[in-house]
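Worksheet: the structure to be examined is printed underneath.
Since the structure is predicted, the reported quantities are computational estimates derived from the model, not experimental observations.
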Amino acid sequence: MSQSPRFDRGHTDDLVSFLAASPSPYHAVATAAERLEKAGFRQVAETDAWEGTTGGRYVLRGGAIVAWYVPEGAEPHTPFRIVGAHTDSPNLRVKPLPDTGAHGWRQIAVEIYGGPLLNSWLDRDLGIAGRLTLRDGSTRLVNVGRPLLRVPQLAIHLDRAVNTDGLKLDKQRHVQPIWGLGSDVRDGDLIAFLEEECGLPAGEVSGWDLMTHSVEPSAYLGRDQELLAGPRMDNLLSVHAATAALAGVATSGAGLPYIPVLAAFDHEENGSQSDTGADGPLLGSVLERSVFARGGSYEDRARAFAGTVCLSSDTGHAVHPNYAERHDPTHHPRVNGGPILKVNVNNRYATDGSGRAVFAAACEKAGVPFQSFVSNNSMPCGTTIGPITAARHGIRTVDIGVAILSMHSARELCGDADPYLLANALVAFLEG
């Protein structure tokens, strides 16, 4: 493998900014869109007729974004090079009737989203972020990024066996956060508070999609500060790298043999089955409309899809020094060892030999080392948007990512160089 490019800490510093600006999927796609706008992309509405001219465009739908760049000379049958990722992370989400409390404590009713490590949400200062829908149907992003909520753990004096028998949490009773004192709990208190935070008139909000997030900022750690701890790396690390790669390719001025695409979906953590998930119609609709806008036919669409490749980029498991037996004994991905290629012969990942060759070629071109990941045969294997994308659209898909620790924790851990190495590999892949 060739020498990896000199590490640029600036990229990882920018990831820290991206994570801070993106406490919800809705914020994440807005942040990505803002960066693409600076690179010359413009938003198109799904309800409008699309032009087939060259340049960068993007579609926003809820917590999902699909962006693409049509280079000079692109034909209707020109294949796509897609980087797929997801914008959602496991967390605690606000219920339809959020205002509750007991024994003089005011609380917020929450529901578990995805598969979080629940203990990581205990005794942590939490904010609230998400999307408010107003009476006229418009939406407003909201982010209370200061300490507002807390899920207090039971003191060890009242649970003497917690360190021997393990922590046992009832998802309904034990993870409802507190946010104040008082017995006068009134329906509408939380939404009234958020209306005031946003400068909205009372009663203006008629719907909401809200979630909690840790307000502790990301931080470099370790003797040499070669590790980065932060929230939502699964999978905003990939969204950030893909956004940077697409913007870089679009502004490089180089001739492109493919049409580069970013597809960042919502709802991966609970199965991807939604209008903004990878199992929905969004990506296929955008790709087809791009073909037809350039004067293409169904035959051109079939030819374009047949030559298309997607890299499904999601975080994976670095070898854990305290639990090495949980990993495959011959596959131990290390942080700062470069991106990982995910393989599972039962198609929990979409990678096959031909896909491996595509990714290996991109890494070689970029001078980026890569590693292989497979699960221990005795452990169930997770999955990604990769198999869904391959099956739904009939396009070759390769599962890759960055190796991290503490996946699905409120605060995850990666190497400081790996985000940069991933972005370089994605640039080489999109350039073809």
Side-chain angles (χ1 to χ4, degrees), residues 20-34 36-37 43-48 58-67 86-100 106-114 126-146 148-149 176-177 179 185-213 215 231-232 236 239 263-283 285-286:
S22 307
S24 78
Y26 314 107
H27 289 83
V29 298
T31 305
E34 180 182 3
L36 291 172
E37 289 271 358
Q43 183 177 0
V44 293
E46 293 184 81
T47 54
D48 291 344
Y58 66 90
V59 166
L60 292 181
R61 184 192 290 183
I65 181 171
V66 179
H86 68 87
T87 60
D88 59 320
S89 300
N91 56 20
L92 311 178
R93 303 209 170 184
V94 176
K95 288 184 175 180
L97 299 175
D99 300 293
T100 185
R106 301 180 70 182
Q107 295 176 275
I108 299 300
V110 296
E111 188 174 3
I112 310 301
Y113 178 81
L126 304 176
I128 282 184
R131 177 179 66 175
L132 302 173
T133 302
L134 309 186
R135 295 172 64 184
D136 63 1
S138 63
T139 59
R140 178 77 65 87
L141 296 183
V142 60
N143 177 20
V144 181
R146 63 182 185 273
L148 183 68
L149 309 171
Q176 306 304 314
W179 77 311
V185 175
R186 298 179 299 270
D187 289 342
D189 278 356
L190 175 64
I191 300 307
F193 166 76
L194 295 177
E195 287 173 334
E196 185 176 349
E197 285 285 307
C198 294
L200 294 169
E204 187 66 19
V205 173
S206 59
W208 53 87
D209 303 279
L210 299 168
M211 59 206 70
T212 62
H213 64 280
V215 299
R232 300 178 295 282
L236 294 188
V239 176
F265 302 102
D266 201 353
H267 301 132
E268 189 272 347
E269 298 293 356
N270 62 7
S272 295
Q273 292 186 323
S274 71
D275 68 323
T276 54
D279 204 17
L282 180 58
L283 176 60
S285 173
V286 168

Residues Leu97, Asp187; criterion side-chain contact (heavy atoms from CB on, under 4.5 Å); working and verdict: CA-CA 7 Å; Leu97 299 175; Asp187 289 342; 5.5 Å; no
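- Scanning for ring pair (Phe, Tyr, Trp, His ring centres under 6.0 Å) contacts around Trp179 gives Phe193, with sequence neighbours left out.
- Contact record, Gly130 with Ser24: CA-OG, 3.9 Å, taken as the closest heavy-atom pair.
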Derivation and outcome, side-chain contact (heavy atoms from CB on, under 4.5 Å), residues Tyr58 and Val29: CA-CA 10 Å; Tyr58 66 90; Val29 298; over 6 Å; no
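- Within 6.0 Å of the CD atom in Glu196, the count of heavy atoms belonging to other residues, nucleotides or ligands does not exceed 12.
- By the salt bridge (charged side-chain N to carboxylate O under 4.0 Å, His left out) test, Arg93 is found to be paired with no residue, residues two or more places apart in sequence or in another chain being considered.
- Annotation for Gln273: atom CD does not count as buried by contact number, only 12 or fewer foreign heavy atoms lying within 6.0 Å.
- At least one side-chain heavy atom of Asn143 sits less than 4.5 Å from a side-chain heavy atom of His213.
- Gln43 is linked by a side-chain hydrogen bond (donor to acceptor under 3.5 Å, both in side chains) to nothing, counting only residues two or more places apart in sequence or in another chain.
- Every salt bridge (charged side-chain N to carboxylate O under 4.0 Å, His left out) that Asp189 has, sequence neighbours left out, goes to Arg106, Arg186.
- Under the rule for a side-chain hydrogen bond (donor to acceptor under 3.5 Å, both in side chains), the partners of Ser138 that lie at least two apart in sequence or sit in another chain are Asp136.
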CA sep, side-chain torsions, deciding dist, call: Leu149, Val110, side-chain contact (heavy atoms from CB on, under 4.5 Å): CA-CA 11 Å; Leu149 309 171; Val110 296; 5.8 Å; no
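- With sequence neighbours excluded, no residue forms a salt bridge (charged side-chain N to carboxylate O under 4.0 Å, His left out) with Glu204.
- Closest approach of Asp99 and Gly188 over heavy atoms only: OD2-N, 2.8 Å.
- For Glu197, the salt bridge (charged side-chain N to carboxylate O under 4.0 Å, His left out) partners two or more places apart in sequence, or in a different chain, are Arg146.
- In this structure, the side chain to side chain contact (heavy atoms under 4.5 Å, CB included) partners of Asp209, at least two apart in sequence or on a different chain, are Tyr26, Arg131.
- Scanning both residues, Val215 and Gly127, for their nearest heavy atoms gives CG1-N, 3.4 Å.
- Residues Gly63 and Thr87 come closest through the heavy atom pair O-OG1, 2.7 Å.
- Between Asp275 and Leu282 the shortest side-chain heavy-atom distance does not fall below 4.5 Å.
- Checked against side-chain hydrogen bond (donor to acceptor under 3.5 Å, both in side chains), Thr100 has no partners two or more places apart in sequence or in another chain.
- The heavy-atom pair separating Ala21 from His27 by the smallest distance is O-CB, 3.5 Å.
- In terms of the side chain to side chain contact (heavy atoms under 4.5 Å, CB included) criterion, residue partners of Ser89 (sequence neighbours excluded) are, by chain and number, Arg232.
- Just one residue in the list Leu236, Ile65, Thr276, Asp88 forms a side-chain contact (heavy atoms from CB on, under 4.5 Å) with Pro25, and that residue is Asp88.
- Annotation for Val239 and Ala264: closest pair CG2-CB, 4.2 Å, computed over non-hydrogen atoms.
- Take Gln176 and apply the side-chain hydrogen bond (donor to acceptor under 3.5 Å, both in side chains) test, not counting sequence neighbours, and it matches no residue.
- The side chain to side chain contact (heavy atoms under 4.5 Å, CB included) check on Val205 picks up Leu132, Leu134, Ile191, Glu195, Leu200, Trp208, with sequence neighbours excluded.
- With values rounded to the nearest 0.5 angstrom, Lys95 atom NZ is found 12.0 Å from Ile108 atom CD1.
- The side-chain contact (heavy atoms from CB on, under 4.5 Å) test with Tyr113 singles out one residue from Asn270, Leu92, Thr212, and that residue is Asn270.
- Expressed to the nearest 0.5 Å, how far CG of Leu60 lies from CG of Leu36 amounts to 9.5 Å.
- With values rounded to the nearest 0.5 angstrom, His267 atom NE2 is found 4.5 Å from Ser274 atom OG.
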